[in-house]
Amino acid sequence: MSVLVVGSIALDTVKTPLEEHADLLGGSASYAAVGASFFSPVNMVGVVGDDFPTAHVDYFRSRKIDLTGLQVATGKTFRWSGEYMWDLNTRETRSVELNVFEHFTPTLPAGYAETQIVLLANIAPSLQSHVLDQITQPRFIIADTMDLWINIANDDLRALLPRVDMLILNDGEARQFTSETSLIKAGAKIRALGPRFVAIKKGEHGCLLFGENEFFSCGAYPLEDIHDPTGAGDTFAGGLAGHLAAQGGGEISFSQLRKAVVFGSVLASFNVEAFSLERLRTLTAEEIAKRYKSFQLMSEFEALG
Ligand code: AMP
């Protein structure tokens, strides 16, 4: 079973206290599609300009990502630049150039509308809704979002929520969106707006998953060296969606979702080990399985007696 991934494709410039790199492959759809591709086939929808390096397109192809939905428009690719503070958690956006992204309308090519697992990676909520208007057999729809849309497209985001099964956002965004200090209250409040499940990411502290009378707290892998946190959330969402798609048909249970959250966290933990998608380029199924096992052992209580 495939995953449909719709989102941004970007050329990023990223600065951390120790390093700066320009013109990196980035964007929510890039991270999410490659993340999902470790578990399932992917149909990708996004836009790039005519300056987008063919090497990046070849890389997507090498991951067996279907690119029929990739639009190439005349003009420059979307560019984003961000700077991380010393804690590598706090980030400031330095610049955004929308370029061809400004007039992007996500149109699904023939064959994509039937994709059952849909990941609406971070783009404007009105565009996310436009994708859902074209979907014919939704089984599980996941939406990611960010502080920008909570600020400037709050009504659109609220209109999207009853249409999705799961919303993913980070702790700061959840507090901002609900005006709650408690993440537990924030999770419940977001669920009341529509999605049956909510995942709240806590950066280096893991992730909380909320369902109806169900709750799961996933720890974070204790990494010594984080080089670039960009795209961790998108890779998490992609890994999660890909893992769900790999489970086949039928109703998605909370325990399936829990496992998918751990696999998403595993992928995100690899992604931050290098800039851009570099670590994902060399990542193997064996490494994923080994780190999943480490996550399991980290939350093993029997051993404590
Ligand atoms: P994350 O670190 O998960 O927040 O995702 C970072 C990625 O999101 C970067 O590669 C950016 O290119 C992309 N991005 C930044 N701002 C936006 C935006 N307004 N819409 C869509 N994608 C964005």
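Start at 1 with the first residue, then count along the sequence. If you're wondering where the values come from, they're calculated on a predicted model, not measured in any experiment. Read the numbers this way: they start at 1 and go in the same order the structure lists the ligands and their atoms.
In this structure the side chain of V272 never reaches within 4.5 angstrom of the side chain of T230, judged on heavy atoms.
Side chains of N89 and Y84: a donor-acceptor N/O pair is absent below 3.5 angstrom, by distance only. No side-chain donor-acceptor contact under 3.5 Å links R79 and S95.
Remark: minimum distance from atom 8 (O) of ligand 1 to any protein heavy atom is reached at S28 N, 4.1 Å. The protein heavy-atom contact nearest to atom 22 (N) of ligand 1 is S8 OG, 2.8 Å. Taking atom 15 (C) of ligand 1 as the reference point, the nearest protein heavy-atom neighbour is W80 CD1, 3.4 Å.
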*Given side-chain hydrogen bond (donor to acceptor under 3.5 Å, both in side chains), test H130 with Q128 step by step and report yes or no.*
CA-CA 5 Å; H130 181 68; Q128 293 175 317; over 6 Å; no
*Check the pair S2 / T115 against side-chain hydrogen bond (donor to acceptor under 3.5 Å, both in side chains), numbers first and verdict last.*
CA-CA 6 Å; S2 304; T115 321; over 6 Å; no
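Each of the following atoms of ligand 1 lies closer than 4.0 Å to a heavy atom of A10: 12 (O). Those atoms of ligand 1 that come under 4.0 Å of a heavy atom in Y31, given as number and element, are 10 (O). Counting the atoms of ligand 1 from 1 in the order shown, those under 4.0 Å from a heavy atom of G26 are 10 (O). The atoms of ligand 1 that sit less than 4.0 Å from any heavy atom of D12 are 9 (C), 10 (O), 11 (C), 12 (O). If you number the atoms of ligand 1 from 1 as listed, the ones under 4.0 Å from a heavy atom of M146 come out as 18 (C), 19 (N).
Chaining together hydrophobic side chains whose heavy atoms lie under 4.5 Å apart places L18 alongside W86.
Salt bridge status for E20 with R94: present, with a side-chain N to carboxylate O gap under 4.0 Å.
The shortest N or O to N or O distance between G27 and ligand 1 is under 3.5 Å. Not one N or O of W149 is nearer than 3.5 Å to an N or O of ligand 1, by distance alone. Polar contact with ligand 1: present for R91 (N/O pair, distance under 3.5 Å). The shortest N or O to N or O distance between D234 and ligand 1 is under 3.5 Å.
At a heavy-atom cutoff of 4.0 Å, ligand 1 is contacted by the side chain of L148 but not by its backbone. Heavy atoms of T230 found under 4.0 angstrom from ligand 1 belong to the backbone as well as the side chain.
Nearest heavy atoms, A186 versus T178: CB-OG1, 3.4 Å.
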